[in-house]
**Q** 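I'd like to ask you about the structure that follows.
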Amino acid sequence: VNGVRAVVKKGLLDWLDHERPDILCIQETKAHTDQLSSEILQDHGYKTYWHSGERRGYSGVATFCKEEPLYVQEGLGIEKYDREGRVLLTEHEDFLLYNIYFPNGQKDDVRLQYKLDFYDDLLPIINEQVESDNNVIVTGDWNTAHFPIDLARPKENIRTSGFMPVERERLDTYVDNGWVDTFRLFHPEPHRYSWWSYRMGARDRNIGWRIDYFFVNGSFAESCIDADIHDDVMGSDHCPISLSIENNSS
DNA sequence: TCGAACACACC
DNA sequence: AATCTTGCGC
DNA sequence: GGTGTGTGCAAGCGCAAGATT
């Protein structure tokens with residue numbers, strides 16, 4: 001969301017009150033909870049969980065739940081990532097939910113490698129949970145467009161972090177391991193993006209990237225009834241994405 | 001990150 | 001306490 | 001002169017922290 005405090009000023013809570021999702025996952029909160037008021041922490045009726053980076057004003061994720069999760073974990077359990085406040089795991093009745101702000105690799109080779117390591121280290125963890133009979137959803141800002149259809153300028157960005165072959169190969173590996181990009185189940189069409197540069201009026205011209213996903217394990221994909229991108233919602237350089245799941249109880 | 005503005009090929 | 005400047009990270 | 005590639009450089013926002021008032 002490029003700063004929760006900024007998007008609250010721009011109407012996040014009105015939008016939340018209108019949409020009332022069962023669960024809301026946000027990334028790049030850029031705030032510690034002691035910097036936030038009760039209007040965003042709790043007054044809306046959701047239980048909220050926060051994982052913030054050590055560095056003030058940087059990174060951070062939050063998960064809002066109508067129903068209290070069975071279990072909440074801050075971080076992946078790997079120190080070098082957890083210092084940056086990138087992961088919230090919540091357990092729900094029918095699935096585990098990872099809310100993740102994947103690293104950005106554009107600053108230098110060190111950060112690119114850090115990003116690639118994150119992909120490599122996350123995969124065995126979630127694979128193991130599926131093997132243990134859990135359904136798993138991994139959502140958030142993945143910071144990588146997988147295929148040329150997923151960004152407006154594929155040829156121009158082959159050497160830009162976010163669409164480099166090494167990064168795309170990591171997503172290939174997720175797919176090879178049975179993980180499903182749910183948006184494409186329902187939307188084969190091009191020109192559907194979830195992020196646009198603030199600069200150069202990129203959003204007005206839809207020069208964007210699809211870098212936000214809901215990946216789910218293969219068998220759970222059958223329970224997904226819709227996935228979408230809501231590019232009419234303003235307030236950030238990203239727009240919301242959604243996943244709808246079959247309701248088995250009631 | 002995008003694309004205007006250049007440089008420099010190469011016929 | 002409010003405003004400005006610089007710097008960082010997208 | 002036209003077309004095609006390749007490279008440096010400007011480009012919005014949100015936030016922190018220090019300086020100035």
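Chain identifiers are assigned alphabetically (A, B, ...) following the order of the sequence lines, protein sequences preceding nucleic acid strands; residue numbering begins at 1 within each chain. Worth saying up front: this structure is predicted, and the values here are computed from it rather than measured. Hydrogens, waters and symmetry mates play no part in the numbers below; they use all other heavy atoms, side chains included.
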**Q** Taking only side-chain N and O atoms of A:W209, does any of them lie within less than 4.0 angstrom of OP1 or OP2 on B:dC2?
**A** yes
**Q** To the nearest Å, give me how far apart CG (A:L36) and P (D:dG14) are.
**A** 16 Å
**Q** D:dG1 pairs with which nucleotide, Watson-Crick or G-U wobble, both distances below 3.5 Å?
**A** B:dC11
**Q** Using the side-chain heavy atoms of A:R55, tell me which of these nucleotides is nearest: D:dC15, B:dC2, C:dG9.
**A** C:dG9
**Q** Looking only at the side chain of A:R56 (C-beta and beyond, no hydrogens), which of the listed nucleotides B:dC2, D:dA16, D:dG14 gets closest?
**A** D:dA16
**Q** Specify the separation, in whole Å, of atom CG of A:D237 and atom C1' of D:dC15.
**A** 13 Å
**Q** Taking the basic N atoms (NZ, or NE/NH1/NH2) and the acidic carboxylate oxygens, is any pair closer than 4.0 Å for A:R111 and A:E167?
**A** no
**Q** At under 4.0 Å, does any side-chain N or O of A:N157 touch on OP1 or OP2 of B:dC2?
**A** yes
**Q** Check the chi torsion on D:dA16 and let me know: syn if it falls within 90° of 0, anti if not.
**A** anti
**Q** To the side chain of A:K107, which of C:dG9, B:dC2, D:dC15 is closest?
**A** C:dG9
**Q** Flag the pair A:R86 and A:D141 as a salt bridge only when some basic side-chain nitrogen lies within less than 4.0 angstrom of an acidic carboxylate oxygen.
**A** no
**Q** Can you find a side chain N or O atom of A:R203 that sits less than 4.0 Å from OP1 or OP2 on D:dG12?
**A** no
**Q** Look at the side chain of A:K30 and decide which nucleotide, out of C:dC10, D:dG14, B:dG3, has an atom nearest to it.
**A** D:dG14
**Q** Scan A:E28 against the nucleic acid and name what it touches under 4.0 Å (heavy atoms): base, sugar-phosphate only, or nothing.
**A** sugar-phosphate
**Q** Which part of the nucleic acid does A:R159 contact within heavy-atom distance under 4.0 Å: base, sugar-phosphate only, or nothing?
**A** nothing
**Q** Does A:Q35 have a side-chain nitrogen or oxygen under 4.0 Å from the phosphate oxygens OP1 or OP2 of D:dA16?
**A** yes
**Q** Whether A:K10 contacts D:dG14 is assessed here as follows: a side-chain N or O lying under 4.0 Å from the phosphate OP1 or OP2. Is that the case?
**A** yes
**Q** Hey, is the side chain of A:Y58 poking within less than 4.0 Å of OP1 or OP2 on C:dC10, counting only N and O atoms?
**A** yes
**Q** Under a 90° cut-off about 0 for the syn range, is B:dA7 syn or anti?
**A** anti
**Q** In whole angstrom, what separates A:D141's CG from C:dG9's P?
**A** 17 Å
**Q** Whole Å only: how far is the CE atom of A:M234 from the P atom of D:dC13?
**A** 10 Å
**Q** Give a yes/no answer on whether the side chain of A:R111 brings an N or O atom under 4.0 Å of OP1 or OP2 in C:dG9.
**A** no
**Q** Does D:dA11 have a Watson-Crick or wobble partner in any strand here, with both distances under 3.5 angstrom, and which is it?
**A** none
**Q** Nearest to the A:Y198 side chain among D:dC15, C:dC10, D:dG12, which nucleotide is it?
**A** D:dG12
**Q** How close do A:W179 and A:L123 get, counting heavy atoms only, and between which atoms?
**A** NE1-CD1, 3.8 Å
**Q** What is the distance from CZ of A:R199 to P of D:dC9, rounded to the nearest Å?
**A** 16 Å
**Q** With a 3.5 angstrom cut-off on both distances, give the Watson-Crick or G-U wobble partner of D:dA16, or none if there isn't one.
**A** C:dT6
**Q** Within the 3.5 Å criterion, strictly below it, is a donor on A:N99 or A:T63 matched to an acceptor on the partner's side chain?
**A** yes
**Q** What's the CH2-C1' distance between A:W195 and D:dC13, to the nearest Å?
**A** 12 Å
**Q** Provide the closest heavy-atom pair for A:F186 versus A:D226 in the form atom of the first, atom of the second, distance.
**A** CZ-N, 3.5 Å
**Q** Can you tell me the distance, in whole Å, between the NZ atom of A:K115 and the C1' atom of C:dC10?
**A** 12 Å
**Q** Under a 3.5 Å threshold, yes or no: a donor from one side chain and an acceptor from the other, between A:Q73 and A:Y49?
**A** no
**Q** Please determine, by modelled atom types, if A:Y81 and A:D121 share a side-chain donor-acceptor pair under 3.5 angstrom.
**A** yes
**Q** DNA chain D: A:G235 or A:M200, which has the more 5' nearest nucleotide?
**A** A:M200
**Q** Let me know the distance between CG of A:D204 and C1' of B:dC2, rounded to the nearest Å.
**A** 14 Å
